[in-house]
Each structure stands twice: as C-alpha cells, then as structure tokens.
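Below, chains carry the letters A, B, ... as their sequence lines are ordered, and counting in each starts from 1.
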Amino acid sequence: MGAEKKLKMQLQCPMPKLDFDIITLGHGSGGLLTNRLLDSGVFDLLKNELLDERHDGAIFDIEAGRMAFSTDSYVISPIFFPGGNIGELAVNGTVNDLAMCGAQARYLSLSFILEEGLTMQEFWEVLVGIKYAAENAGVKIVTGDTKVVERGKGDKIFINTSGVGMLHPRADIRKSRVQVGDKILISGPIATHGIAILSVRQGLDFETSIVSDSTNLNHTVISLLDVFGPDIHLLHDPTRGGVATVLNELARDTRLGIDLEERAIPVLEEVAGACELLGLDPLYVANEGVFITIVAAEAAESVLEVLRADPNGASAAIIGTVKEEHPRQVLLHSKIGGKRVVNMPVGEQLPRIC
Amino acid sequence: MKYLSEYRDAELVAQYMEEIHRTATRPWTIMEVCGGQTHSLVKNGLLQMLPDKVRMVHGPGCPVCVTPLYQIDKAVYLAEHEGVILCSYGDMLRVPGSKHSLLESKAAGADVRILYSPLEAVKIAQENPGKEVVFFAVGFETTAPANALSVLHAQRAGVQNYSILTSHVLVPPAMEAVMNDDESNIQGFLAAGHVCSIMGIDEYYPLAEQFQTPIVVTGFEPVDLAQGILMVVRQLEKGEHKLENQYSRVVRPDGNLEARKVLEQVFETSDREWRGIGNIPMSGYELRPAFSAFDANIKFKVNIEKVPESAECIAGQVLKGIKKPQECPQFGKKCKPQSPLGAPMVSSEGACAAYYHFSQVIEEIEA
C-alpha cells in the first residue's frame, strides 16, 4: 500500500475511541471483553446484513449452478509490508484461490488468532485493509471468530479465511484439460511480492521502492472467462514456491513436459536486481496478484491481448508451451541460448553466501 | 542492471562459443575454481554449449561445501548454548552436522538468524546486551573483509557480547592442493574473479609457473565465462601457461587495498581442514591474538570432537575435480538436496546441487 493510499484509508476510517489500546487474553474469552471488542465499533468496518445477524454461522440463498470452496491461513511476518498488510492478503488470497477455480467469490469467513499485546491501532489497520480488499473484490465477510493466545504463542496476528463462490458458467478449469501445445501465460511481473516482504524482514533490510502487488484477480479472471470460456484450460496463482513450483507440480500431475522461455518471463528491473543481490532465483520467489493461465494454443494471442488491456495484466506475456517431450519436467531456455531443468525447490530458498 | 545485461548477451556468448569450437583441436580439462561460476555455468546452460573436447570440472570454491563437519557441529553447539543468538549466512543453515543442522536447531528453539552482513550481527549484539551474539564467519577471501570489519566495529564501539566463529578458507592453497593430487588431471583454471577483486592477482603468477598451467581470472556472467574458457583454450592450444585477467572491469592487479589492510590487521593465515579434502597448510584465516576477545572458540571454550565424514560421500573427489557429481553412485539416489550425504549437495553453489537442480543428467536418473 502506498503511503498516500494508506493515509486516505485511515482518514476515511478513523479508529473509534476505545478504553483499551491493546488486545488482552480476555478479548478472546467469548465473554464480556469479547463483546466489548465486537461492540466497540471495530467490527462495524465489515458491516453487512449477514454479519449483523451475529449468529453462529451465516445463512444465505444461492442461485442454481456450481460452487467453489477454498480456505487459506495467513501467518506472514511482518504483518505490514510495502504495498499492503496481512488483512488485505487474507482477503485477496482466498478470493484469488476461488478465482483460480473459475469462480467469483461471494462470501468469506474470517478468523483471527491474535497474540496478546497486539495494539488496537495495528488491529485496526489490518481490519481497514480487510474492508477495502473485500469491497474491491465484491465479496462479503459473513461469519468469523476471534481467539487470543498468550504473548509469545503467536506472531501478532494469524488470519484464516474461507470462501465460497459461484462458478462462471463457461468455466471448465481442470489439470486434466491441459494438453500438448497449450500456451502458458503469466499475467504480470513475477517475484515482486516475495521481494517486497524480504526487503523489510529483520536482518535483511535493504532500501527499495519495491511494493507488493497483492490484489484481487477475480475481475480479471471473470472477464477472461466471459470471452474465452473453455479455451482457458487452467488457472493457477503461483504464491508460495513461485512459478517454478506451480509448473513442476503441473508437469508431475499431467505427465507432460513444460518449456519456458526465460527471455519472455517478466521481472521488474528492481526485483531482478534485488534477487541478484540476495542470491535468489525469481522463479522460486512468492507472488501475489499474478496468475498463470494455460490456454488452447489457437486462443493464446487473443487471451494475451485481452489480458494486456486489463489493469492487472499490463505486462502479461506468453512464457512457455506444454510439450510431449521430457514428460514431468520443466525445461528453461535460458536468455543466452542454453537449456536447464527447473526443479522443485527443497524448502525455503536460503540466501547464498556470495 | 544495464551493467549486467551486456554480459548476458546471447549473441556474444554464441560468438565466443563458436570460437571455442573452432579453437579446440584436442580434449582439454579446465577447472572453474569458484562455486559461483559453477552455478552460473549450469544455470545458464553453458555446459551444453561447449564442445565435447572441452570438459569443465568444478573446483573447491564453495564455502559451504568445504566447511568441515566439526565446524558445523561447533555452530550448532553455540546456537544451542544458553543465551546465544547465532547469526549465519543463509545457505549454512541446511548443511547437516554430525547430529543435525542449524535449521533443525532453529526449529527446536535455538535463536538462529539469517543475515547478509556481519555488521548486522554487531547491531543485534548492541540491541541485545543481555545476549551473546556469534557470527558464523564462513567463506573465502570475499566474505573475510566484512567479517574482519565487524570485529573492528565491535571493538571500536566497545561491544563485548559479539564474537565470530571463524572458518575462513583461501583459494590459492586449495588450487595448489588440487594440482598436487596425483589423480588430478586439470590442465587450466578459471580463477575466481571476486576473490581476486579483493586479493589481486599476484598470488597466481607462481601457481601458473610452478604447475605450467594457464590461469585466467574470470567473472561470473555468461559472457565472462565463455570468454574466460576461450582464453584458457587458446593458451592450451598454443602450449602457453600465462596468468591472464578476463575480469579486468572488476579485478585490479593489486586488488582492494583497503580490504586487504583490514584482513591483514584482523586475521593471520593458519592451517585449515577442508571438508572432503583434509588439512591444507596455511589455507585459512584465524583471528590474531590481539582479537581473541572476539573469538567464539575461546570465549565459549568450544571443544568439539572431529567426526568422520559419511563413507559414501565422494565430496573430496568432486571438489578436486577428479569425479563429476553424477559419477557418484549415490547421486540423486541416496543423496539429494532434501537428504544430502555431503555438503556439495546442500549449497546452491555446490557442484552436486548445481547438477541436481539444473542439469539434464537428472533425466537419466529418474527415467
């Protein structure tokens, strides 16, 4: 989140006056303190008719059709980073997981595990992030939970969101639809989010203007499905483990080969520079706000055109092809004309010595 | 990045490769000394572009790979010591010690932190006066100046809760050890460009002379490597054995005088054990006695027994270029990055890991 955007959000949503300024164990007890937190105006941010029922769960109607259901937990550190905070991430993450199924997210659940001592100011900022992310994605938060753990037993705030969404009527997104000849597209520059987070991690602070590209992708995906329907064979957001991991999983599961063109893979110059410095391979760095789509060869150029006209896809590119050769392997054609296998990472990428 | 992209020019690389194909008339074996060069050769797919006649073997220049097992054990011991914050470069964390790795210690509750600079560790020491901060000072002549500087900073600032566990190694004695090995068949060297940017190139003249071997100080980008290999091949074909500097845009003949001054002030050379290779005389740095207050070995009276290496790991032969990673019977089978038998499978600069991750050899194994 840029400083300007953050300021605007805070001005529009000033924190209500409270008679407590940190979260204590009692706020998760379910008793009086919990109610005081709920009634304090803090949760008014997320107001909607279903949440206002304050029942054990949300009850709603759905239209006929197919649904998608997804869940994800967010444990990121630090919780505030250049370009966003854990709250926005928690909404966008689940909205995007549903989008990758070809669905428009409708309703989300929101669960907090708060660490005793979290300041209300921090909690408020996270909630404001959630509010805006939900509004932008067109999704409602309809049920939730708040627990508090002792200091030292958590890391400020953990969030889980689950969501349900309606499948786009023309969506048919399955790994088994990926076939030889399909083109692999990426919607934007890779590794931006991971590097933005690293730039503010303790011990690794380096000055950079890189901000996370965390955003919702559902509108972009839905507009692609409107136009191309079943020509979109697969959608995937390469979050943890990056592009290399997602494509390796795909090659393994489909028993097909994948060819990548290093030259075509968009990476922001400052991100590439930071990766260079830190000894990281951008292919393995986490992404937000970027998705991979695998499309029928004959539709690829038109998909690219539509994607590039979308604000989330300005630097979209065709980065590879699904092959019959070298099954279960991802092969990269390097910028200088060489070839190498892109493997599954073992664990977290650890920065190199020199 | 502009400064870099010129050295990643596909056309230039292709031209150098063509020239190498034209120039090489006989088979030659060349060692790239530095792990960073190995990584770049494999990552960029340069090895497949070379003619069969030019065989690259991968040298001992990977600090993670040559750090002996008992040094890892020492770091683990210190990490698990009450009140210690152990700071390390990232890729040392996964290297298995005789019992476990630093990563496993961290998971079990030890305060282990990944840093990019030892100066950061001094800062952590200042912020945590009640704790002891130890920096695991691993690396070649490239990382040594920053580690030396951290000791000087700590001394100047009166920081008493900072110390380093020194495991520094030096390139020229290792090249000498490689050449002195009876099984070695190295005919030319790409010397490590970054090491020379600190130390200069004077140390390499006697090596080229003594072993009648061409040595070309080489950079790390594809164009650098292709040009460096061509320079070695040209010398070999002409029967020459000169020291040449391909990386002159970075490497000055006398290196970085400021850095050398700091090294000279803080460290002295000493015998050093190399993982897989054994003891090499005068091949490492120790803190000078004047800085013993910053020596973690002395401060914590570390006394760790040496344990034998895995008998199945042929790291020594790989590090000396006698065997290629895939010639190891355990490569990709019992020994993988997720369960390494030896250090070269751990670091991304280790020859075995580089091969495992990037090369097509894997196809033959898993097929």
K.L.:
Using a 6.0 Å cut-off, check whether atom CZ of A:Arg151 has over 12 heavy atoms from anything other than its own residue.
P.N.:
no
K.L.:
Is the number of heavy atoms from other residues, nucleotides or ligands within 6.0 Å of CZ (A:Arg240) greater than 12?
P.N.:
no
K.L.:
Give the member of B:Val13, B:Leu47, B:Asn44, B:Val223 that has the highest number of heavy-atom pairs under 4.5 Å with chain A.
P.N.:
B:Asn44
K.L.:
Would you confirm whether A:Arg340, through its side chain, and B:Gly45, through its main-chain N or O, come within 3.5 Å as a donor-acceptor pair?
P.N.:
no
K.L.:
Provide the closest heavy-atom pair for A:Leu277 versus B:Tyr116 in the form atom of the first, atom of the second, distance.
P.N.:
O-CE2, 4.4 Å
K.L.:
For the atom pair CE (B:Met17) and CD1 (A:Ile336), what is the distance rounded to the nearest 0.5 Å?
P.N.:
6.5 Å
K.L.:
Considering all heavy atoms of both residues, which atom of A:Lys339 and which atom of B:Gln48 are nearest to each other, and what is their separation?
P.N.:
O-OE1, 3.3 Å
